[in-house]
Amino acid sequence: MRKILFLFLFSAQFVGAQITILDSISKYPVSYAAVSFGNGNGIFADDEGKFVFTEKLYPDIDSLFISALSYKDLNMNSNELIDTLYMVSQADELDEVTIEFKRNRKFKEEKLKPYLDDNYYNCWLPTIESEIAVYFPKTNLKDQEVSSVIFPIALESRDWKKRKRSNSEKKKFSTLFKVKFYENENGSPGKVLSYETIVFRATEINGDSFTLNVEDFNIYVPNNGLFVSLQVLGYTDQNGKLLPNKKYKEVQAKNGIVKIPTNFRPLLPFTSQLSEKRTFIKRVFINGNNWINFSKDKGFKSSLLDKGLFNYGIGIAYKTYKDE
C-alpha cells in the first residue's frame, strides 16, 4: 500500500512540474523553445512544447526567460508558473519572411567538403548553453540555394586503447541538434533566414558526419554569404524524443560547489585547414548576448585555439542555377 501511495505522489508531483508552451492563437505547441534561468544556464522544451521544472531540480532559480523564433519573449517568476504558458507571435518578424516559389530550373551542384577528425583533443565539447555558427560565402554570381549541410561528428571508441582502430566498437549516443541559417550582418550572424524549426537526430550509426537535406526550406544564399549554426538540445530516447537532461554537473571547488555545463556527445571536430576565422560562438541563455568570433583576440581561452584550430569544419552543398 505504501509503495502504491509513493508512486501516486511521485506521479502527481511530476505531472504538476510538466509545463507546456503553446501559441496563443493556434494553441499549437511552440517546439524547442529556450527556457533561460538568467544565470547562464537553461533548458529546452521538446517538440510538443513541454519541459519539466521543479524547485528540487532548480532550487536557486526564481525567474524564467522563455524565447522562440518569431515569438515575443516571455518573462515570469518561477513561483508563478502554471501548467500551460502562451506565447504571442512577433508579427513584425513574420512579415519579413520571403516566400520563394520553386521553379524547374537547371542547376549545377557545388559541394564544399567537411573537415573530419576523430581526435578527441581536436574537438569542441558541445553544451546546450552554446550555439556555434560558421560563415559560408556565396561562390557564384548566379542564384544559389543551400541543398544540404554536412556536420562533422567525432566518434569515440568504447575501449580507449583501441580508439585509433577503425573497427573498434563506438560509444552509443542519440542526440538532438537544432540548425539555423543567419544573414551576414557586418561579418557576424544577423537575422535568421528561415523561421522554420530545423532539427535532426545524430547517432553513432551515422559515422563521421551527418548530412542534413534542407532543400524544402528554400535557403537562398545572400550576396554577402550566410552563417549556418548548430546547437545541441540534449539526448533523446530511441524514438528521437527529447529527454529531460541534466544541464550541468556540480564540482566541489575551494570556494564551494561550482556548476559546470554538461558536455553532450558527439563531439564536434575543429580544423586548422581554413585560413579565415569563420566560426562564431553565442551563449544562448544569457539574455542579449552577442555573437563573438572564436579567436584569442576576442578573449576566448581554449586548447583548440592554442593548436590553431579556429573553425568547426562544416561542409555545405549549393545548387547554382543556370541563367534562363
Should E185 and K191 count as an ion pair when the cut-off is N to O under 4.0 Å? no

Applying the ring-ring contact (aromatic ring centres under 6.0 Å, His included) criterion to F227, which one of Y135, Y312, Y182 satisfies it? Y135

For Y318, the ring pair (Phe, Tyr, Trp, His ring centres under 6.0 Å) test, sequence neighbours excluded, returns none

Verify side-chain hydrogen bond (donor to acceptor under 3.5 Å, both in side chains) between Q144 and T320, making sure each step is shown before the conclusion. CA-CA 5 Å; Q144 288 188 304; T320 300; 2.9 Å; yes

Lys/Arg N to Asp/Glu carboxylate O, K319 vs E110, below 4.0 Å: no

For residues 172-181, which residue pairs pass the salt bridge (charged side-chain N to carboxylate O under 4.0 Å, His left out) check, not counting sequence neighbours? none

Here's one to test your reading of the geometry: is the NZ or CZ of K142 within 45 degrees of the ring axis of Y321 and under 6.0 Å from its centre? no

May I ask you to decide whether K296 forms a salt bridge with D306, counting only side-chain N to carboxylate O separations under 4.0 Å? yes

For the residue pair D118 and N122, establish whether any side-chain heavy-atom pair is separated by less than 4.5 Å. no

Evaluate salt bridge (Lys or Arg N to Asp or Glu O under 4.0 Å) for K282 paired with E131, printing each intermediate quantity in order. CA-CA 5 Å; K282 181 180 182 182; E131 182 179 355; 5.0 Å; no

Checking side-chain contact (heavy atoms from CB on, under 4.5 Å) against F65, which of V35, L74, N75 comes through? N75

K298: which residues meet the side chain to side chain donor-acceptor pair (under 3.5 Å) condition with it, sequence neighbours left out? none

Can you get from Y115 to F151 by hopping between Ile, Leu, Val, Met, Phe, Trp and Tyr side chains that sit under 4.5 Å apart? no

